[in-house]
K.L.:
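Shown below is the structure under consideration.
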Amino acid sequence: KANKQLVSSAVEKIILMVSPFSPHFGEEMWHLLGHDSFASTERFPQADESLIKPALEESEELVSQVTADVRSILKLAKLEKPNRIRIFTAKPWKKKLLLIAISSAKKNGAMDVSAVLKEAMQDAEIKQNAKDVPVLLKSLAKAVNYYADAPLPDFDEHEVLAERVPEFRRLFNCEVQVLKEHDAQPALDPKGKAQKALPFKPALLIE
């Protein structure tokens, strides 16, 4: 449901920004909102940086990215109506590895694979998956380069995507499930897609 206060505030600001370029339209809209003053005499909207929520914007970016990825797969598969979409979020140790790799890139100007492997093996959880680490580092290279110059998103991606399941269901008109990689059983993931999940880039299984 729309937040009336938020929508009203946004519309008012848009009208005031449009008014210098289309004054008659601006004044008409301003009065339709119930104002007795003139839009032309109002202060031009100023950004309120206290309202900026980086984590919220990043979570929206994740949702947009997943939506775009699903649409791309549907287009490539020439599938108009999927029966089910499963979204798999990466295991926690993969994010740990990403953080180590990012730290290395920031320190050395580029990821030092040997140093990353040495440090990563000090973590018991990562060490349990040692055979997968070298391949995963290659898959993370693009993310490492990006996050070396940008803050890593600070939110639970599984929680964010799970909350948006109703939206995904409306968008794609089918059953949508958000699962964790370690919960992927053969019956839920017969093609082994879950293991390809990366931090902030979930794996997708579309049936």
Side-chain angles (χ1 to χ4, degrees), residues 1-7 9-10 47-74 84-107 111 116 119-120 122-126 128-129 132-133 135-172 174-185 188-189 193-206:
K1 295 182 180 179
N3 182 312
K4 292 182 179 180
Q5 183 178 356
L6 177 62
V7 172
S9 175
D48 183 353
E49 295 188 4
S50 69
L51 298 177
I52 297 175
K53 311 291 184 190
L56 182 59
E57 293 188 4
E58 290 159 357
S59 66
E60 287 299 311
E61 180 63 28
L62 173 66
V63 173
S64 296
Q65 172 207 306
V66 170
T67 300
D69 287 347
V70 171
R71 285 177 171 156
S72 178
I73 293 172
L74 291 175
R84 182 188 296 109
I85 298 171
R86 289 194 174 105
I87 302 170
F88 298 98
T89 55
K91 292 179 178 179
W93 72 266
K94 292 183 177 181
K95 186 175 181 180
K96 288 183 181 180
L97 182 63
L98 175 60
L99 288 170
I100 294 172
I102 291 171
S103 177
S104 173
K106 288 182 176 180
K107 181 179 179 180
M111 179 174 58
V116 170
E119 183 177 348
Q122 304 304 310
D123 184 284
E125 189 177 10
I126 297 178
Q128 289 179 350
N129 299 276
D132 299 320
V133 171
V135 174
L136 182 60
L137 279 177
K138 292 182 180 179
S139 300
L140 291 175
K142 185 176 180 180
V144 170
N145 291 333
Y146 177 79
Y147 290 121
D149 298 317
L152 191 69
D154 184 22
F155 60 85
D156 184 326
E157 62 177 305
H158 183 85
E159 182 180 318
V160 167
L161 293 172
E163 288 178 349
R164 304 299 281 274
V165 163
E167 179 180 334
F168 289 133
R169 286 173 176 166
R170 287 195 300 271
L171 280 173
F172 301 110
C174 70
E175 176 62 23
V176 177
Q177 296 174 308
V178 175
L179 305 167
K180 294 181 179 180
E181 181 183 349
H182 58 252
D183 291 331
Q185 303 299 322
L188 297 174
D189 183 27
K193 295 287 187 179
Q195 62 184 339
K196 296 181 180 179
L198 299 175
F200 306 107
K201 189 167 181 60
L204 301 171
L205 174 62
I206 300 177

K.L.:
Would you please name every residue forming a ring-ring contact (aromatic ring centres under 6.0 Å, His included) with Tyr146, sequence neighbours left out?
P.N.:
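For Tyr146 there are no ring-ring contact (aromatic ring centres under 6.0 Å, His included) partners, ignoring immediate neighbours.
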K.L.:
Holding to side chain to side chain contact (heavy atoms under 4.5 Å, CB included), I want the full list of residues that pass it with Ile52, two or more places apart in sequence or in another chain.
P.N.:
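Residues passing side chain to side chain contact (heavy atoms under 4.5 Å, CB included) with Ile52: Glu49, Pro54, Glu57.
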K.L.:
Donor-acceptor check, side chain of Asp189 to backbone of Ala184, threshold 3.5 angstrom: yes or no?
P.N.:
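Side chain of Asp189 to backbone of Ala184, a donor-acceptor pair under 3.5 Å: no, none is there.
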K.L.:
So do Pro202 and Leu161 actually touch side chain to side chain, heavy atoms under 4.5 Å?
P.N.:
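A side-chain contact exists here, since the closest heavy-atom pair is under 4.5 Å.
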K.L.:
Closest heavy-atom contact between Phe155 and Ala55?
P.N.:
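In terms of heavy atoms, the two residues are closest at CD2-O, 3.8 Å.
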K.L.:
Run the salt bridge (charged side-chain N to carboxylate O under 4.0 Å, His left out) test against Asp69 and tell me which residues pass, sequence neighbours left out.
P.N.:
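By the salt bridge (charged side-chain N to carboxylate O under 4.0 Å, His left out) rule, Asp69 matches Lys201.
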K.L.:
Mind checking the CD-CZ spacing from Glu61 to Phe200? Nearest 0.5 Å is all I need.
P.N.:
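It is 12.5 Å, given to the nearest 0.5 Å.
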K.L.:
Looking at Arg86 and Leu188, what are the two nearest heavy atoms and their distance?
P.N.:
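Heavy atoms only, the tightest pair is NH1-O, 3.1 Å.
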K.L.:
Mind checking what makes side-chain hydrogen bond (donor to acceptor under 3.5 Å, both in side chains) contact with Glu119, not counting sequence neighbours?
P.N.:
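Applying side-chain hydrogen bond (donor to acceptor under 3.5 Å, both in side chains) to Glu119 gives none.
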K.L.:
Applying side chain to side chain contact (heavy atoms under 4.5 Å, CB included), name anything that partners Thr67, two or more places apart in sequence or on another chain.
P.N.:
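Applying side chain to side chain contact (heavy atoms under 4.5 Å, CB included) to Thr67 gives Val63, Arg71, Phe168, Leu171, Phe172.
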K.L.:
Filter on salt bridge (Lys or Arg N to Asp or Glu O under 4.0 Å), then keep only pairs touching residues 146-165, sequence neighbours left out; what's left?
P.N.:
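Matches after skipping sequence neighbours: Glu60-Arg164, Arg164-Glu167.
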K.L.:
Would you call Ile87 and Leu179 a side-chain contact if the rule is heavy atoms closer than 4.5 Å?
P.N.:
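Not in contact.
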K.L.:
With a 4.5 Å limit on heavy-atom distance, are the side chains of Leu198 and Leu136 in contact?
P.N.:
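Yes; the side chains approach each other to less than 4.5 Å.
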K.L.:
Working to the nearest 0.5 angstrom, can you tell me the gap between Ile73 CD1 and Leu205 CG?
P.N.:
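Atom-to-atom, Ile73:CD1 and Leu205:CG are 9.0 Å apart.
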K.L.:
Please list, chain by chain and in numerical order, all residues satisfying side chain to side chain contact (heavy atoms under 4.5 Å, CB included) with Val135, sequence neighbours excluded.
P.N.:
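With sequence neighbours excluded, Val135 shows a side chain to side chain contact (heavy atoms under 4.5 Å, CB included) to no residue whatsoever.
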K.L.:
Can you tell if the side chain of Pro199 reaches within under 4.5 Å of the side chain of Leu140, non-hydrogen atoms only?
P.N.:
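Yes - at least one pair of side-chain heavy atoms lies under 4.5 Å apart.
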K.L.:
Output all residues satisfying side-chain hydrogen bond (donor to acceptor under 3.5 Å, both in side chains) with Asp48, sequence neighbours left out; order by chain, then residue number.
P.N.:
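Once residues adjacent in sequence are excluded, the partners of Asp48 under the side-chain hydrogen bond (donor to acceptor under 3.5 Å, both in side chains) criterion are Ser50.
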K.L.:
Could you go through residues 89-101 and list every donor-acceptor pair under 3.5 Å that involves a side-chain atom there, pairing it with any protein atom two or more places apart or in another chain?
P.N.:
{"residue": "Thr89", "atom": "OG1", "partner": "His158", "partner atom": "ND1", "Å": "3.1"}
{"residue": "Lys94", "atom": "NZ", "partner": "Glu181", "partner atom": "OE1", "Å": "3.1"}
{"residue": "Lys94", "atom": "NZ", "partner": "Glu181", "partner atom": "OE2", "Å": "3.1"}
{"residue": "Lys94", "atom": "NZ", "partner": "Gln195", "partner atom": "O", "Å": "3.0"}
{"residue": "Lys94", "atom": "NZ", "partner": "Ala197", "partner atom": "O", "Å": "2.8"}
{"residue": "Lys96", "atom": "NZ", "partner": "Asp123", "partner atom": "OD2", "Å": "3.4"}
{"residue": "Lys96", "atom": "NZ", "partner": "Glu125", "partner atom": "OE1", "Å": "2.9"}

K.L.:
Sequence neighbours excluded, which residues qualify as side-chain hydrogen bond (donor to acceptor under 3.5 Å, both in side chains) partners of Arg169?
P.N.:
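With neighbours one apart ignored, the set is Glu175.
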K.L.:
Do Ser9 and Gln5 come within less than 4.5 Å of each other through their side chains, counting heavy atoms only?
P.N.:
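Sidechains of Gln5 and Ser9: no contact.
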K.L.:
Could you pull out all residues at least two apart from Ser72 that satisfy side-chain hydrogen bond (donor to acceptor under 3.5 Å, both in side chains)?
P.N.:
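Residues passing side-chain hydrogen bond (donor to acceptor under 3.5 Å, both in side chains) with Ser72: none at all.
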K.L.:
Would you please name every residue forming a ring-ring contact (aromatic ring centres under 6.0 Å, His included) with Phe88, sequence neighbours left out?
P.N.:
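Once residues adjacent in sequence are excluded, Phe88 has no partner under the ring-ring contact (aromatic ring centres under 6.0 Å, His included) criterion.
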